[in-house]
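Each chain gets a letter, A, B and so on, in the order its sequence line appears, and its residues count up from 1.
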Amino acid sequence: MAPRIALAPDPHGPGGRLQPLDDAGAPLGPPEAVRDLGAAVAAREAAGQPAGGARPPGPRWVWAAADSAYAPLLPRLPERLARCHDLRLVEALLLAHEGRFGAPRSLGAAWCRLRGLPVPEDLPEPGLAEADGGQDTLFAPDRLQLPPGADPLAAVVAVHAEQQRRIAAIADPAARQRFRLLVAAESAGALVAAEIADDGLPWRTDVHDRLLTELLGPRPAVAGTQPRLLADLAVEFQRALGTKPFNPDSHTQVLRAFAEAGVPLGSTRSWELKGVDHPAARLLVRYKELSRIHVAHGWAWQDAWVRGGRFRPEYVVGGVVSGRWASRGGGALQIPRILRRAVVADPGWLLVVADAAQLEPRVLAALSQDAGLARTAAGGDLYEALAATAFQGDRDKAKLGLLGAMYGQTSGDIGPLLNTLRRRYPAAMGYVEAAARTGEDGGTVASRLGRVCPPPSADFLDLTEADTAGEAGGRTARARGRFTRNFVIQASAADWALALLAALRRRLNELAPTGSADRPRLVFFQHDEVIVHTPANLADEVAAAVAEAGDEARRLVFGDTPVRFPLSTAVVECYADAK
DNA sequence: TCCTCTTGCGCC
DNA sequence: AAAGGGCGCAAGAGGA
């Protein structure tokens, strides 16, 4: 069996073309046209797999981008594909690694670079805005940006071979090995994102509706009007100020009204309002909380995003420069905690909810190889262990200090905490401080697996030494330093999370009887947290798979380290009961 | 009317 | 006195 197969769907219809490749990307045979791409892919994926036995990995599927090649195929496949190489995602990783951050990454752009042709800009990601304009844009048959007449399969094959060459050209063998892992993990992320969008997160609209009604009042009959309790609260708030009527959603009008009532405010941020001794402040805080639920996750959101008892988020793999995922529409990564009540497993099914405990400080310990910090990260509660050794048992101080070190915080009473950390954990603190200095000097930093941060803006690079010694320039430089300081942590945590997803996905697929509808499904991912929706009888095995996947990710990304990356796992019917 | 910027808050 | 990283989303403000 060929280790890799290039795949290009026909722009219209169910067919497509395939071509077997070796690991370097050289063709092992001629292109083959098939009438039913789903059936052809499934046959090659299953080839040589004995029924019920341990599965040898299928071929690594090579395609332009998962959303055009994998998502349409998913409903037609009896089982999930094991592995892929997503050219668009890998192109972005390579461009950043090569110091060409932000260059167009579509298949067409990569192919034109290869051929010395003018490189087309990437198209904006299709979102709701374009969907409003009609389906043509959203479901355009070709977003690959290939010039007219170019053969998509030939472009896939050529760009893939070139990417493999660029990866092989990474001089340091260990760095090359880690980058290969990054390429595989990022591509696995593309599979997961497409599958989550296909399966969806179980969402009980009746529970959601009841919650909204309790908080806001019954759903207004006329769309666009405020529900009763929210409108009442707005009136009560304005009465408490005793001024002329104004729009409570306008911060400028709210500030003016408070000033007229003799309460000057710097802003209408809730943390500031909470310190204001006036009845109207408390009412405004409550109004803003409820109003936010209404506008961001109310009935309109439900109408737009929940179908058939499932919330189908649109994830953008690698959408954040650090490698975190972003989302497009639906706010998948910002679901308010209170709405977790509405996430309920189907009858006979359960949710396995797992989140990595204190991921970022553990990443710092593993990255810096600080022996002392690693000891605190070898067991359960890292902050507790840190507090016991360095902060007289004060866990809050330990947490505040360590987070401050990773974010570059200098405000408040954090100075003494940082000094303590610097004394006790010089390697760890030296690691983030070196990253900060690199940023302040205009350099770039990279994650453990080799995801490189964007370069500073041209404005920053134009700053002279005199500028950075001054106030405005110094502020800019320190902001860049905070960014690179945090990047090494956040991006390496994202490396680990991607490896976790890949390892967990493989284990879940091995748990399931081939072709069965009753198989566990990854239905949610949020930076350091996963939810698996599983038949109840498999929940324990899924929980075990999560733990094993966490340890596999640790091994793959950080190798031989005493640091552990435990996941706290809950098996529940309702997401809200997980913590 | 359309568009961009700012504000503020949700999540990690 | 202020001095924390990364996002997405909705609404208002204000200019074109």
Side-chain angles (χ1 to χ4, degrees), chain A residues 125 127-129 224 226 246-256 265-274 284-285 287-298 300-301 304-305 313-316 318-340 355-360 363-364 399-415 417-418 432 435-436 439 445 447 451 453-454 471-472 474-494 497 524-530 575:
Chain A
E125 294 295 336
L128 274 188
Q226 274 195 332
F246 59 93
N247 180 356
D249 294 320
S250 158
H251 43 262
T252 45
Q253 292 182 33
V254 167
L255 285 177
R256 197 182 311 139
L265 294 176
S267 75
T268 65
R269 292 193 179 90
S270 65
W271 62 262
E272 183 172 344
L273 289 170
K274 279 169 188 162
L284 178 56
V285 168
Y287 172 81
K288 280 153 65 105
E289 284 170 2
L290 294 182
S291 169
R292 183 174 171 83
I293 290 172
H294 178 234
V295 299
H297 285 96
W301 176 88
W305 293 101
E314 257 186 277
Y315 286 114
V316 185
V320 182
V321 291
S322 66
R324 280 184 174 182
W325 292 9
S327 67
R328 182 166 51 223
L333 301 177
Q334 300 130 261
I335 300 171
R337 299 180 82 89
I338 191 169
L339 292 192
R340 293 180 180 183
D355 74 299
Q358 305 148 343
L359 177 58
E360 298 201 339
V363 165
L364 171 57
K399 182 175 179 177
L400 211 63
L402 204 48
L403 289 176
M406 291 186 297
Y407 287 155
Q409 185 180 3
T410 52
S411 67
D413 302 326
I414 204 175
L417 306 183
L418 294 179
V432 285
V445 294
S447 76
R451 190 187 307 265
C453 80
E471 194 171 332
R475 207 163 31 237
T476 307
R478 283 192 299 277
R480 174 73 188 172
R482 284 192 300 274
F483 169 68
T484 50
R485 170 194 293 262
N486 186 252
F487 184 94
V488 293
I489 306 290
Q490 188 183 115
S492 300
F524 191 66
F525 172 57
Q526 185 176 45
H527 310 314
D528 62 356
E529 178 174 4
V530 294
Y575 186 19

With heavy atoms under 4.0 Å as the rule, sort A:R324 into base, sugar-phosphate or nothing. base

Could you check whether A:R340 gets within reach of a base, just the sugar-phosphate, or nothing at all, counting any heavy atom under 4.0 Å? sugar-phosphate

Roughly how many Å is it from CG in A:L402 to C1' in C:dG5, rounded to a whole number? 14 Å

Indicate, with a heavy-atom threshold strictly under 4.0 Å, whether A:G408 touches base, sugar-phosphate, or nothing. sugar-phosphate

Can you see if the side chain of A:R269 gets near the phosphate of B:dG8 - specifically, an N or O under 4.0 Å from OP1 or OP2? yes

Take A:E314 and A:W305 through the test side-chain contact (heavy atoms from CB on, under 4.5 Å) and record every step on the way to the result. CA-CA 10 Å; A:E314 257 186 277; A:W305 293 101; 4.0 Å; yes

Would you indicate what A:I335 reaches in the nucleic acid, counting non-hydrogen atoms under 4.0 angstrom: base, sugar-phosphate, or nothing? sugar-phosphate

Between A:S322 and C:dG6, is there a contact of a side-chain N or O with OP1 or OP2 at under 4.0 Å? no

Tell me: CG of A:N247 to P of B:dT7, nearest whole Å? 17 Å

If I take atom CG in residue A:D528 and atom P in nucleotide C:dC7, what distance separates them, rounded to the nearest angstrom? 17 Å

Does a side-chain N or O from A:S327 land closer than 4.0 Å to OP1 or OP2 of C:dG8, or not? no

Using the ring of each side chain (for Trp, its six-membered ring), is A:W325 parallel, tilted or perpendicular to A:F525, with breaks at 30° and 60°? perpendicular

Of the options C:dG4, C:dG12, B:dC12, whose atoms approach the side-chain atoms of A:S250 most closely? C:dG12

Take the protein atom CZ of A:R478 and the nucleotide atom C1' of C:dG5, then report the distance between them rounded to whole Å. 16 Å

For A:Y407 and B:dC12, what is the distance between atoms OH and C1' respectively, to the nearest whole Å? 7 Å

Phosphate contact (C:dA13 OP1 or OP2) by A:T252 side-chain N/O below 4.0 Å: yes

Hey, does A:Q253 reach any base, or is it just sugar-phosphate, or nothing, if we go heavy atoms under 4.0 Å? sugar-phosphate

Would you say a side-chain N or O of A:K288 is under 4.0 Å from OP1 or OP2 of B:dC9? yes

Are any non-hydrogen side-chain atoms of A:E289 and A:S270 less than 4.5 angstrom apart? no

Side chain A:Q490 and base C:dG6 donor-acceptor under 3.5 Å: no

Pair A:V321, A:F483 - check side-chain contact (heavy atoms from CB on, under 4.5 Å), show working. CA-CA 11 Å; A:V321 291; A:F483 169 68; 4.1 Å; yes

Expressed in angstrom and rounded to an integer, what is the separation of A:H251 atom NE2 from C:dA13 atom C1'? 7 Å

Taking B:dC9 as the reference, what is the distance to C:dA3 when you measure between their P atoms (whole Å, please)? 15 Å

Are A:K288 and A:E272 close enough for a salt bridge, meaning some N to O gap below 4.0 Å? no

From CD of A:Q334 over to P of B:dC12, roughly how many Å is that when rounded to an integer? 10 Å

Measure from CG on A:L403 to P on C:dG4 and round the result to the nearest Å. 13 Å

Let's go through A:L333 and A:Y315 carefully: what are the C-alpha distance in whole Å and the side-chain angles of both, what is the deciding distance for side-chain contact (heavy atoms from CB on, under 4.5 Å) to 0.1 Å, and is it a yes or a no? CA-CA 9 Å; A:L333 301 177; A:Y315 286 114; 3.7 Å; yes

